[in-house]
Asks: 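Handing you a structure now.
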Amino acid sequence: MKGPLGFNAEDLLQETLAMQRKLLDGLTLLPSVDDVDYGTTAREEIWRDGKVALYRFVGTDTPVHATPLLIVYALVNRPYMVDLQADRSLVQRLLALGHDVYVLDWGYPDRSERYQTLEDYLLRFLDGAVDHLQAQSGAPINMLGICQGGVFALCYAALRQHKLANLITMVTPVDFQTPDNMLSHWARQVDVDLLVDTLGNIPADLMNASYLMLKPFRLNVQKYVGLLDILDDKAALEDFLRMEKWIFDSPDLAGETFRDFIKQFYQGNGLMHEGVRIGEETVQLSQVTLPVLNIYAEQDHLVPPDASCAMRGRIGSADYTESSFRGGHIGIYVSGRAQREVPATITDWLKERSR
């Protein structure tokens with residue numbers, strides 16, 4: 001029987017009872033959920049400079065691809081989104097496909113890193129890690145740059161291309177001022193000098209709050225309401241908590257690097273105008289002539305497709321490939337489709353170049 005507002009009273013009662021049971025099951029289940037962690041694959045430290053460390057992932061089989069693959073992640077999050085858990089690990093899929101996989105961990109900057117610059121990150125830390133890998137392999141390496149790490153990889157390729165065999169970028173912005181880039185609109189209005197001069201290093205909580213406010217309802221309300229649907233599912237709860245832990249385990253950002261990055265990339269859109277300077281050197285994308293694979297996400301709200309596809313025609317390489325992924329900025333690492341498609345795309349592309 002329907003009520004005055006058109007609701008079926010019996011259906012509403014059953015829904016209420018089902019939710020009540022789910023909440024009661026959740027109260028029983030939650031105490032049994034252990035602390036979760038990310039970074040499922042064994043790894044060994046092989047090089048370090050201060051807080052920055054280079055790790056080699058240890059697979060169960062000997063790599064069949066001789067060229068090392070170095071993953072360069074962003075500064076604003078920990079790099080283990082690429083190795084979140086056993087069934088959501090880009091690293092494990094790449095290892096299974098025979099790659100020798102490494103990751104550069106930027107660490108957690110503190111006040112002693114307040115004056116570190118982009119030159120330090122690219123031409124000291126990144127270059128040092130590449131030199132170490134080259135000394136081991138005796139040949140140029142492959143580099144996979146992700147998000148801001150992809151920007152770093154592009155700049156590094158423009159300055160030190162002879163040390164690289166192939167470059168892969170994922171969800172990497174080149175045009176920082178596309179009309180649909182809300183983060184860019186905000187960043188362009190920031191008085192970055194006042195911010196850095198006042199705070200020194202930029203707190204991780206401030207950065208996280210900014211990202212969450214790009215989609216305030218979805219990221220601050222809807223996902224926690226959705227948590228009610230999985231309260232009786234221990235595996236799903238652990239997946240949710242693991243993702244939350246990664247999101248909020250973010251490093252502070254070295255003040256001078258933040259100042260330099262916002263000014264040169266967001267406010268100056270330097271990659272579009274060949275106006276980026278790293279120390280005394282100028283980045284010119286036209287100098288990037290090695291093979292490049294650019295993977296972007298079609299529903300990315302942080303790096304819109306147009307921002308990434310702007311690479312086309314601006315680098316000097318005659319061997320440039322684009323690959324789109326149907327998903328968002330995080331889904332490209334962890335979704336089931338990503339686990340099937342992204343590592344295979346990278347592997348097939350590298351195989352063609354190795355011939």
Asks: Would a hydrophobic clustering, with Ile, Leu, Val, Met, Phe, Trp and Tyr connected at side-chain separations under 4.5 Å, put Ile202 with Tyr115?
Replies: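 No; tracing contacts between hydrophobic side chains, which count when under 4.5 Å, never links both residues.
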Asks: Taking the side chain as C-beta and beyond, is there a heavy-atom pair between Asn166 and Met143 under 4.5 Å?
Replies: no
Asks: Using modelled atom types and a 3.5 Å cut-off, is there a donor and acceptor pairing between side-chain atoms of Asn269 and backbone atoms of Met272?
Replies: no
Asks: Does CZ in Arg111 sit with more than 12 non-hydrogen atoms of other residues, nucleotides or ligands closer than 6.0 Å?
Replies: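 Check fails, neighbour count at 12 or below.
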Asks: So do the side chains of Asp61 and Leu95 get within less than 4.5 Å of each other, counting heavy atoms only?
Replies: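 A side-chain contact is absent here, since even the closest heavy-atom pair is not under 4.5 Å.
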Asks: Counting only N and O atoms by type, is there a donor-acceptor contact under 3.5 Å from the side chain of Ser317 to the main-chain atoms of Val288?
Replies: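 Between the backbone of Val288 and the side chain of Ser317 there is no qualifying donor-acceptor contact (under 3.5 Å).
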Asks: Keeping the roles fixed (side chain from Asp49, backbone from Phe125), state whether a donor-acceptor pair exists under 3.5 Å.
Replies: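 Absent.
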Asks: Using every non-hydrogen atom in the two residues, find where Ile278 and Val283 come nearest and quote the distance to one decimal.
Replies: CG1-CG2, 3.8 Å
Asks: Please report the shortest heavy-atom distance between Ala86 and Thr40, naming the atom on each side.
Replies: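 Of all heavy-atom pairs spanning Ala86 and Thr40, the closest is N-CG2, 3.7 Å.
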Asks: I need the Ile46 CD1 to Leu133 CG distance, nearest 0.5 Å.
Replies: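 The CD1 atom of Ile46 sits 5.0 Å away from the CG atom of Leu133.
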Asks: Quick one about Ser250 and Asn77 (side-chain donor to acceptor, distance below 3.5 Å, no hydrogens or angles considered), yes or no?
Replies: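 The criterion, which ignores hydrogens and geometry beyond distance, is satisfied for Ser250 and Asn77.
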Asks: To the nearest 0.5 Å, how far apart are CZ in Arg314 and CG in Leu285?
Replies: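 These two atoms lie 8.5 Å from each other.
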Asks: Using a strict threshold of under 4.0 Å (side-chain N to carboxylate O), is an ion pair present between Arg160 and Glu281?
Replies: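 A salt bridge is present here (some side-chain N lies under 4.0 Å from a carboxylate O).
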Asks: Verify whether one side chain among Asn294 and Ser323 offers a donor that lies under 3.5 Å from an acceptor in the other.
Replies: no
Asks: Are Trp349 and Leu97 co-members of a hydrophobic cluster defined by side-chain heavy atoms under 4.5 Å apart?
Replies: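 The answer is no; the residues belong to distinct hydrophobic clusters.
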Asks: Roughly how far apart are Met182 CE and Met213 CE, rounded to 0.5 Å?
Replies: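 It comes to 10.0 Å.
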Asks: Check whether NZ of the Lys or CZ of the Arg Arg43 lies under 6.0 Å from the centre of the six-membered ring of Tyr55 and within 45 degrees of that ring's axis.
Replies: yes
Asks: Would you say Phe265 and Val276 make side-chain contact, with heavy atoms under 4.5 Å?
Replies: yes
Asks: Using a 4.5 Å cut-off on heavy atoms from C-beta on, say whether the side chain of Tyr121 contacts that of Leu126.
Replies: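 No - every pair of side-chain heavy atoms lies 4.5 Å or more apart.
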Asks: So, does Ser308 use its side chain to make a donor-acceptor pair with the main chain of Pro173 at under 3.5 Å?
Replies: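 It does not hold such a pair.
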Asks: For Glu280, is the CD atom crowded, meaning more than 12 foreign heavy atoms sit under 6.0 Å from it?
Replies: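 No.
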Asks: Can you see whether Gln85 engages Asp87 through a side-chain donor-acceptor pair at a distance of less than 3.5 angstrom?
Replies: yes
Asks: Would you say the side-chain atoms of Glu113 pair up with the backbone N or O of Ala254, donor to acceptor, closer than 3.5 Å?
Replies: no
Asks: Mind listing the closest non-hydrogen atom pair of Thr282 and Leu159 along with its distance?
Replies: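 Answer, listing the atom of Thr282 first, then Leu159: O-CD2, 3.7 Å.
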Asks: State whether the side chain of Asp120 and the backbone N or O of Thr117 hold a donor-acceptor pair below 3.5 Å, judged by distance alone.
Replies: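 Here the side-chain-to-backbone pair exists.
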Asks: Indicate yes or no: does Lys51 engage Asp110 in a salt bridge with an N to O separation below 4.0 Å.
Replies: yes
Asks: Is there a chain of hydrophobic side chains (I, L, V, M, F, W, Y, each step under 4.5 Å between heavy atoms) that links Tyr102 to Val58?
Replies: no
Asks: Applying side chain to side chain donor-acceptor pair (under 3.5 Å) to Ser210 and Trp186, what does each step give before you reach the verdict?
Replies: CA-CA 9 Å; Ser210 300; Trp186 290 357; over 6 Å; no
Asks: Using 0.5 Å steps for rounding, measure from the CG atom of Leu253 to the CG atom of Leu75.
Replies: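 That separation rounds to 6.5 Å.
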Asks: Assess, by modelled atom type and distance only, whether the side chains of Asp249 and Tyr108 contain a donor and an acceptor separated by less than 3.5 Å.
Replies: yes
Asks: Show the nearest heavy-atom pair for residues Ala297 and Pro305, with the distance to one decimal.
Replies: O-CG, 3.5 Å
Asks: Taking the inter-plane angle between the rings of Phe176 and Tyr266 on a 0 to 90° scale, is it parallel (under 30°), tilted (30 to 60°) or perpendicular (over 60°)?
Replies: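 Correct class here is perpendicular.
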Asks: Just how far is it from atom CG of Leu199 to atom CZ of Arg114, taken to the nearest 0.5 Å?
Replies: 9.5 Å
Asks: Mind checking whether Tyr320 and Leu293 have side chains closer than 4.5 Å, heavy atoms only?
Replies: no
Asks: Can you tell me how far apart CG (Asp100) and CG (Leu70) are? Round to the nearest 0.5 Å.
Replies: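 Those atoms lie 11.0 Å apart.
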Asks: Show, in sequence, the C-alpha distance, side-chain angles and deciding distance for Val342 and Ile332, and conclude whether the side chain to side chain contact (heavy atoms under 4.5 Å, CB included) test is met.
Replies: CA-CA 8 Å; Val342 175; Ile332 200 169; 4.1 Å; yes
Asks: Salt-bridged, Arg124 to Glu119, with N to O below 4.0 Å?
Replies: no
Asks: Which of parallel (below 30°), tilted (30 to 60°) and perpendicular (above 60°) describes Phe152 and Trp106?
Replies: perpendicular
Asks: On a heavy-atom basis, which atom in Ser335 and which in Phe325 lie closest, and how many Å separate them?
Replies: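 Closest heavy-atom pair between Ser335 and Phe325: OG-CZ, 3.4 Å.
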Asks: Taking all atoms of both residues into account, what is the closest heavy-atom pair of Thr41 and Ser89, and its distance?
Replies: OG1-OG, 4.1 Å
Asks: Within the structure provided, determine whether Tyr296 and Val303 are in side-chain contact (heavy-atom separation under 4.5 Å).
Replies: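 Counting from C-beta outward, Tyr296 and Val303 never come under 4.5 Å.
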Asks: Determine, stepwise, if the pair Met81 / Met243 fulfils side chain to side chain contact (heavy atoms under 4.5 Å, CB included).
Replies: CA-CA 9 Å; Met81 179 50 67; Met243 181 68 76; 3.5 Å; yes
Asks: Might you work through the side chain to side chain contact (heavy atoms under 4.5 Å, CB included) test for Leu144 and Val72, ending with a clear yes or no?
Replies: CA-CA 6 Å; Leu144 167 56; Val72 182; over 6 Å; no
Asks: Using only atom types and a distance under 3.5 Å, with no angle test, would you say the side chain of Asp252 pairs donor to acceptor with the backbone of Ala204?
Replies: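 Yes: the side chain of Asp252 pairs with the backbone of Ala204.
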Asks: Would Phe261 and Val151 count as a side chain to side chain contact (heavy atoms under 4.5 Å, CB included) here? Give the steps.
Replies: CA-CA 10 Å; Phe261 193 84; Val151 178; 4.1 Å; yes
Asks: Any luck finding a side-chain donor-acceptor pair between Asp105 and Tyr73 under 3.5 Å?
Replies: no
Asks: For Pro179, is there any backbone N or O sitting under 3.5 Å from a side-chain donor or acceptor partner on His185?
Replies: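 Yes; judged by distance alone, with no hydrogens or angles, the pair exists.
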Asks: Can you tell whether the side chains of Arg326 and Glu298 come within less than 4.0 Å, N to carboxylate O?
Replies: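 Not counted as a salt bridge, because no side-chain N and carboxylate O are separated by less than 4.0 Å.
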Asks: Ignoring hydrogens and geometry, is there a side-chain-to-backbone donor-acceptor pair from Asn142 to Leu350 under 3.5 Å?
Replies: no
Asks: Just by distance, do the side chain of Arg188 and the backbone of Val190 share a donor-acceptor pair under 3.5 Å?
Replies: no
Asks: Say whether His65 and Ser354, considering side chains only, have a donor N or O and an acceptor N or O under 3.5 Å apart.
Replies: no
Asks: Taking 4.0 angstrom as the limit, do Asp260 and Arg277 come out as a salt bridge?
Replies: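 Looking at Arg277 together with Asp260, the answer is no, because their closest N to O distance does not fall below 4.0 Å.
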Asks: Is there side-chain contact between Asp83 and Phe57, with at least one heavy-atom pair below 4.5 Å?
Replies: yes
Asks: I want to check something: taking the side chain as every heavy atom from C-beta on, are Gln287 and Gln161 in contact at a cut-off of under 4.5 Å?
Replies: no
Asks: Between Asp319 and Arg353, does any side-chain N to carboxylate O distance fall below 4.0 Å?
Replies: yes
